[in-house]
Amino acid sequence: MKILVTAKRVPDPEQKVKVQGDAIDLSGMNFVVNPFDEYAVEAALRLKESSGAVDEIVVLTIGSKDVTQQLRSCLAMGADRGILVEGDDDSLDSEQTARIIKAVYERESPDLLLMGKQAVDGDNNQVAQLVAGKLDLPQACFAGQLELEGDASAITVGREIDGGMEFKKVPLPSVVTVDLRIVMPTAVKTAGSKDNQEYAEGPRYASLKGIMQAKKKKIDEISVGDLGVELEQWVKTTSVETPPSRSAGIKVESVDELVDKLQNEAKVL
Amino acid sequence: MSMYGEYDFLMIESLLGDEERMVRDSVRTFVRDRVMPIIQKHYRAGTFPTELIPEIAGLGLLGPTIQGYGGAGVSHLAYGLIMQELERGDSGVRSFASVQSGLVIHPIHTFGSDAQKERWLPGLISGELIGCFGLTEPDFGSNPSGMRTTARKDGDGYVLNGTKRWITNGNLSHLAVVFAKVEGEGTPEKPHIGAFVVERGTDGFSTLEIEGKLSLRASVTSELHFEDCRIPADNRLPEARGLKAALSCLNNARFGIAFGALGAAKACFFEALEYAKERVQFDRPIAGYQLVQRKLVNMYSDIVQGELLAFRMAELKANGQLNPAAISLGKRNNVKVALECARTARDILGANGVVDDYCPMRHMNNLESVYTYEGTHDIHTLIIGQRLTGLAAFSG
């Protein structure tokens, strides 16, 4: 069984975003792997370690050569091979990204396409659904739990809903996106999991050995042209603004004044 | 929060290779997620977070530069960055790792026989064995050559007698690398100093934890007692001849401290910077006042210079050119910088600075020890002084 995981490079969410003119100023920014994609890598590694059924975990990213850094961190966590599709990841919209992923899927024919539920830069939450639609594959989004069948023919996806969990079983191959809870200690199970097997919470840290090994792992570099993908832009950024800062509150003298302001100024009554 | 990104005016980040960057980021994340949430509790209780040992070892942070025996074989620069990120958390956590790596794994790897390496290194690197380093004695700190601990050859073994004090990891350890004067070797005035591995459980070997520290509270510091402690001759490290072996260990650890101390300095600097931007007095953030800005700029400037010094040391070490005076320069300068940063950060935080919800006073207290251990500030001054003047100020 082969798992294809997608990983997007995003500005470190711990930094403050600066806006310069009509665009976000990315100069001097640190970049990290989109956290939800890191969770997808972790989930793939857990599936591989406990099932014994996974032969290869391939991590796909799109971007400039600089993105190799983030790809290497996924390999350092334990993924087996990387694919870098060279392109400007900042300007790609969801449709373009989905087309590229579809093309890579067709080259690799994995048994499972595992993705973060969304990237924390654009917060679009569209790509996985688009890819599944284009490939006519089953999709199960926001997995908080995963359980792989013994013969790797299907995977059961637990999704958090109001008041509990909902479980959907999808045949493989299919497209699955993961939510935060997938990195809880017992969120990923396979037929090979031990009864009381628990992982440390969160995505694993790359060990020093993993980092040294990652240097030797293969990264295939492909251009968008090689994939034969047409990339007309559907979504254009017209302007970027920081949210207006909140103005200070005021004190009112009486209930009447409060009601008046709520009615006539705030217009909420 | 990092000294990189928008604060990296000198683009120091570009001096790192992919390997070093990944190592640093991995340790930084580990410290943020695992060390920071528990360090206040341990510092208050005066306990070392032993629960972190399996993960520290699992990451490969014990003996990380060693090739083989389970070591990852990373560069010296990566080693320095590991120390820096650990000490950004707490000097006690960094001390644990630097003693294990620089003062236990290093001497066994450098001065031990193949059989000794096979016997101890895999366990020390995997964290199943914890070690400590016994050189300093109650009456001999800066002047280790005066040590009173002795080893007497007796049949197929050695018998050790003496006391070692201020030993990091002492009560945690499964084995101790101990330096002792070997009776009958060298001259009576200047006996030969040898290095021995003493395992816990050996008759005549006991450890006593030192209580009441106001510094390095999240670290175990002990006294080691040897009373007619008989060890097999096989436990002597054959290549450790004289005090030079001990100094080789100390040079390694001091190199790590030159990086490590800056981690504490950065933690304090960023806490002070954030605080000064948020804290409003007389209707504006205190960061907007000239006196506070000057403090922040001085901290920043000192840290960046210290970092360049440390990076240069790593470069020299990689080329086998790192000389003791350069190590003294780095340890002396960077620990001083860190201590001053911690004090200044405490000052900027005002009354909040004396509470352990904020890091500066914890780092400040820790750094008082770091200032003294691994060669005091004054001794490093005299080592550099000797190198400059050709005159030794600390001996006859």
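To find a chain, count down the sequence lines: A is the first, B the second, and so on, and within it residues start at 1. Excluded from the calculations below are hydrogen atoms, water molecules and symmetry mates; all remaining heavy atoms, backbone and side chain alike, are included.
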Are there residues of residues 209-216 of chain A whose heavy atoms fall under 4.5 Å of chain B's heavy atoms? If so, which?
A:Lys209, A:Ile211, A:Met212, A:Lys215
Applying a criterion of heavy atom separation less than 4.5 Å, what residues of residues 37-75 of chain A form contacts with chain B?
A:Gln69, A:Arg72, A:Ser73
Pick one of side chain, backbone, both or neither for A:Ala206, based on which atoms fall under 4.5 Å of a heavy atom in chain B.
both
Would you give the length of the straight line joining atom [atom1] of [X] to atom [atom2] of [Y], rounded to the nearest 0.5 angstrom?
X        : Y        : atom1 : atom2 : answer
A:Asn30  : B:Asp25  : CG    : CG    : 8.0 Å
B:Arg28  : A:Tyr205 : CZ    : OH    : 14.0 Å
A:Ser207 : B:Met22  : OG    : CE    : 11.0 Å

Is it the case that more than 12 heavy atoms not belonging to [X] sit under 6.0 Å from its [atom1] atom?
X        : atom1 : result
B:Asp357 : CG    : yes
A:Arg181 : CZ    : no
B:Glu51  : CD    : yes

Most contact-rich option vs chain A, by heavy-atom pairs under 4.5 angstrom, among B:Leu61, B:Val27, B:Asp18, B:Val74, is B:Val74
Which one wins on heavy-atom pair count under 4.5 Å against chain A: B:Gly60, B:Gly71, B:Ala72?
B:Ala72
Salt bridge between B:Glu55 and A:Arg204, side-chain N to carboxylate O under 4.0 Å?
no
